[in-house]
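Numbers restart at 1 for each chain; the letters A, B, ... are given by sequence-line order, proteins then strands. If you're wondering where the values come from, they're calculated on a predicted model, not measured in any experiment.
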Amino acid sequence: MVKTIFIGDVQAGKYDGQEVELMGWVKRSRGSNKIRFVVLRDSTGVIQCVVKKDAIGEESFEQVKGALIESSIKITGMINADERADGGHEMVASSIVIVGSVNPEHPFPITESAMKAADGGETEFLLDNRHLYLRTSRMTSMLQMRSTVFGAIHNYFRDLDFTEYQAPNFVAGAVEGGSTLFEVPYFPTEKNPERKVYLTQSWQLYAEAAMPALERLYTIAPSFRAEKSRTRRHLTEFWHAEMEVAWATNDEIMSHGEGVVRKIASDLLENRSTELESIGRDLELIARYADSPYPRMRYDEAVETLQGMGVDVEWGQDLDYSKEKVLTQDFDVPHFLTHYPKIAKPFYHRVDPDEEKYVLCHDLLAPEGYGEIIGGGERTWSEAELLARLDEEGTDKAAYQFYIDTRSYGGVPHGGFGLGVDRVCSWLTGADHIREVIPFPRDSRRVSP
RNA sequence: GCCGAUUUAGCUUAGCUGGUGGAGCGUGGGACUGUUAAUCCCAAGGUCGAGGGUUCGAACCCCUCAAUCGGCGCCA
């Protein structure tokens, strides 16, 4: 049973006047006791199939009446262009086979009323039935756009001869602060009967170890944060696109960040404009994000701007979301914020040799209130400086010994960034919540289905 | 960690001052030969989130718990 004919091609007019076999799922069905209209869907579109009792016989006609929503069927018939049908084409059926039926005692639960209540977003019911919600047209479009985003990231880095590199997901220590790690019980040892490891928060430290080998490396991998964040921007398991480059400066790394985000926007525009429009996204916005340069602003300038707007913010504070939001509300493209105060950032950020109270870092803030999508910068690369910064922070060095070692043998200036892939999907699709762009979202409360 | 809210049929919901819980969709049955979320008629479907309390009487008032949702902080 090889499927060669897809509804999208039928609606494009490639099979007009031909008798073909379509395979798909019943999206809707209506009609009388002599004629029925079965709206068939597959991964590429929908088409109306006209089923006449005269043409297929009484027995088949009764079967069609019993084919409830989401029954899978094979249907053979003549393809005609017809203005009466949605999409401009329809099939006049000559025979039908029900492949997978649906029991009327438990019909497909995602009903029009459930979808209408969600209003293009999600409800508790739809989250509970995520495994079935995936096959609705909205989620199908989201998943297809998500795939394009992943492909754009791979293509951006591979075209520039970056090597894809994998880090472990079980790790012994943290990248940042100690409080946001998921603990996992691990095989006990005699010395350590309560042995624990952690799910990784970032690929970065292990990438820095490979940096002297590969020089230009990247990944797309899950990261885990045990933050009880309840916002439209947070997941506990999210997909993290990270890169690391030897001999690179903060400006050069930002250029890659801008490059990959613009590549994502441009690939979406080129390959997924139908899906973007189907969920109500304005293509002109995406075109602007693909074609415009992303301005760079120093932290000091951002703080002055905020203070000028009457926002209560002091120099030295990290900029939280409430301040990002005020700052970005007038942005029409993403903006970089650079040169944060050293006291606001962890030890691995390199101190600016020209002005020691700053670090050479950047955040990329998305417009439309979607917040930070990239964080990166130059890394503290000399062993002496790294040890000094760990001491300054009072961080225990034992867990980082391998990281310190990487500096002891031919350390070089280098840096990289991490991009929140789901956040970028959420922003570019205009989703109301980051959950809408990932098949099975995990947050502080929900881990099922 | 903090603040706020919600929970009534498979789904979406109405339910006034405490007095025998209504509807739309879906499902089942019936009518209908070109429908566009088809339409029309009929039927089945409820421990009102769980437990306790107040009361002659609780979906409604009080307490505890649970699940979920929204937001803050933190971050991608």
Side-chain angles (χ1 to χ4, degrees), chain A residues 27-39 46 48-55 61 65-66 68-70 82-87 90 92 102-119 121-129 132 175-177 179-180 201-204 220-242 257 317-325 344-346 363-366 370-376 417-427 432-435 443-446 448:
Chain A
K27 187 179 171 66
R28 245 192 292 281
S29 179
R30 54 180 171 263
S32 68
N33 62 349
K34 301 276 173 55
I35 181 170
R36 288 197 73 78
F37 302 90
V38 175
V39 180
V46 299
Q48 171 168 288
C49 302
V50 185
V51 183
K52 293 177 178 169
K53 197 199 280 190
D54 291 350
F61 193 79
K65 277 166 81 174
L68 301 184
I69 289 174
E70 287 307 311
D82 194 314
E83 284 181 5
R84 291 173 294 184
D86 227 9
E90 69 175 18
V92 180
V102 172
N103 185 339
E105 282 175 26
H106 44 85
F108 192 67
I110 315 281
T111 58
E112 294 286 347
S113 57
M115 292 293 286
K116 196 175 172 184
D119 191 25
E122 318 199 281
T123 58
E124 180 182 349
F125 176 76
L126 293 179
L127 288 164
D128 287 340
N129 288 278
L132 302 177
V175 173
E176 297 155 24
S179 60
T180 62
Q201 287 181 309
S202 168
W203 161 97
Q204 180 195 326
I220 307 179
S223 282
F224 305 88
R225 306 266 166 99
E227 291 154 354
K228 288 186 179 168
S229 308
R230 296 197 51 74
T231 79
R232 63 191 62 194
R233 308 177 307 284
H234 285 86
L235 296 166
T236 50
E237 175 183 344
F238 68 97
W239 285 80
H240 210 173
E242 298 183 85
Q317 285 184 323
D318 210 348
L319 300 180
D320 62 44
Y321 179 67
S322 65
K323 295 174 186 76
E324 276 181 11
K325 201 171 172 183
K345 293 287 178 181
D363 285 354
L364 181 63
L365 306 182
Y370 284 91
E372 186 180 341
I373 51 175
I374 282 182
F417 66 75
L419 173 151
V421 182
D422 316 280
R423 277 196 186 170
V424 168
C425 290
S426 183
W427 161 54
D432 290 333
H433 199 292
I434 195 167
R435 277 193 306 244
D443 63 30
S444 62
R445 299 252 171 91
R446 182 176 287 280
S448 68

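When the C1' atom is used for both C60(B) and U17(B), the distance is 11 Å, rounded to whole Å. Spacing of P atoms, A66(B) relative to C75(B), comes out at 30 Å, to the nearest Å. Remark: the separation of the P atoms in U6(B) and C61(B) is 11 Å, to the nearest Å. Here, C74(B) and A50(B) have their P atoms 39 Å apart, quoted to the whole Å. Rounded to the nearest Å, the gap between the C1' atom of G15(B) and that of G24(B) is 15 Å. Nucleotides G26(B) and C11(B), compared at atom P, are 15 Å apart to the nearest Å. One C1' atom belongs to C2(B), the other to A44(B), and the distance between them is 48 Å to the nearest Å. The gap from the C1' atom of A9(B) to that of C72(B) amounts to 37 Å, rounded to the nearest Å.
Q317(A) places its CD atom 12 Å from the C1' atom of G73(B), with the value rounded to the nearest Å. Between H106(A) atom NE2 and G26(B) atom C1' there is a gap of 14 Å when expressed in whole angstrom units. As a whole-Å value, the separation of H433(A) NE2 from C69(B) P is 8 Å. Atom CZ in F37(A) sits roughly 14 Å away from atom P in U39(B) (whole-Å rounding). Atom CD1 of I69(A) and atom C1' of A37(B) are 9 Å apart (whole Å). Taking atom CG of residue L126(A) and atom P of nucleotide U68(B), one finds them 16 Å apart after rounding to whole Å. Between D318(A) atom CG and C74(B) atom P there is a gap of 7 Å when expressed in whole angstrom units. When the P atom of G28(B) is taken as reference, atom CD of E105(A) falls 10 Å away, rounded to whole Å.
Residue E324(A) places its side chain closer to C75(B) than to any other of U12(B), C75(B), C72(B). Closest approach to the K34(A) side chain among U33(B), C11(B), A76(B) is made by U33(B) (side chain taken as heavy atoms from C-beta onward). Counting only heavy atoms from C-beta on, R423(A) has its side chain closest to C75(B) among U36(B), C74(B), C75(B). Distance from the side chain of E124(A) is smallest to U68(B) among U68(B), U36(B), C69(B). Distance from the side chain of T111(A) is smallest to G10(B) among C72(B), G10(B), C69(B). For R233(A), the listed nucleotide lying nearest its side chain is C75(B); candidates were U12(B), C75(B), C32(B). Candidate nucleotides A76(B), G34(B), U68(B) were compared by shortest atom distance to the side chain of I434(A), and A76(B) ranks first. Counting only heavy atoms from C-beta on, D54(A) has its side chain closest to U33(B) among C75(B), G34(B), U33(B). For P104(A), the listed nucleotide lying nearest its side chain is G28(B); candidates were U35(B), G28(B), C75(B). Closest contact between the side chain of F125(A) and the listed nucleotides C11(B), U27(B), C74(B) involves C11(B).
A salt bridge links D82(A) with R84(A); the closest basic N to acidic carboxylate O contact falls under 4.0 Å. Under 4.0 Å is where a charged nitrogen must lie from a carboxylate oxygen, and between K323(A) and D318(A) no such pair does.
One N or O on the side chain of T231(A) and one on the backbone of R233(A) form a donor-acceptor pair closer than 3.5 Å.
A search for side-chain hydrogen bond (donor to acceptor under 3.5 Å, both in side chains) contacts involving K53(A) returns nothing, not counting sequence neighbours. With sequence neighbours excluded, the residues forming a ring-ring contact (aromatic ring centres under 6.0 Å, His included) with H240(A) are F238(A), listed by chain and number.
Contact between S229(A) and S444(A) at its shortest, heavy atoms only, is O-OG, 4.2 Å. The shortest heavy-atom contact between G371(A) and Y321(A) is CA-CE1, 4.2 Å. Closest heavy-atom contact between K345(A) and D363(A): NZ-OD2, 3.7 Å. Heavy-atom minimum distance, I374(A) versus G257(A): CD1-CA, 3.8 Å.
In this structure, L419(A) reaches neither bases nor backbone, as no heavy-atom distance under 4.0 Å exists between it and the strands shown. Using a 4.0 Å heavy-atom criterion, one finds that G375(A) contacts the sugar-phosphate atoms exclusively. Within the nucleic acid shown, N33(A) comes within 4.0 Å of at least one base atom, counting heavy atoms only. E90(A) comes within 4.0 angstrom of a base, heavy atoms only. Within the nucleic acid shown, L235(A) comes within 4.0 Å of at least one base atom, counting heavy atoms only. Note on K53(A): nothing from the nucleic acid sits closer than 4.0 angstrom, heavy atoms only.
An OP1 or OP2 oxygen of G73(B) is reached within less than 4.0 angstrom by a side-chain nitrogen or oxygen of S322(A). A sub-4.0 Å separation between OP1 or OP2 of A38(B) and a side-chain N or O of R36(A) is absent. Using a 4.0 Å cut-off, some side-chain N or O of K228(A) falls inside it from OP1 or OP2 of G1(B). Between R230(A) and C75(B) there is no side-chain N or O to OP1 or OP2 distance below 4.0 Å. Side-chain N/O atoms of R30(A) include none lying less than 4.0 angstrom from OP1 or OP2 on U35(B).
Atom CZ of residue F61(A) and atom CD1 of residue I35(A) lie 8.0 Å apart, to the nearest 0.5 angstrom. We find the CZ-CG distance between R423(A) and L364(A) to be 11.5 Å, quoted to the nearest 0.5 Å.
A residue-by-residue look at F238(A) and K65(A) shows that K65(A) has its nearest nucleotide of RNA chain B further toward the 5' end. Positionally, the nearest nucleotide of RNA chain B for G66(A) lies more toward the 5' end than for the other of G66(A) and E237(A).
Side-chain N/O atoms of R446(A) and base N/O atoms of C69(B) include no donor-acceptor pair closer than 3.5 Å. Under 3.5 Å, the side chain of E227(A) and the base of G1(B) form no donor-acceptor pair of N or O atoms. For U35(B), the base has a donor-acceptor partner in the side chain of Q48(A) [N/O atoms by modelled type, under 3.5 angstrom]. The base of G73(B) is paired with the side chain of S229(A) by a donor and an acceptor separated by under 3.5 Å.
The strand RNA chain B forms stems, runs of 3 or more Watson-Crick or G-U wobble pairs with distances below 3.5 Å, at B:1-7 with B:66-72, B:10-13 with B:22-25, B:27-31 with B:39-43, B:49-53 with B:61-65.
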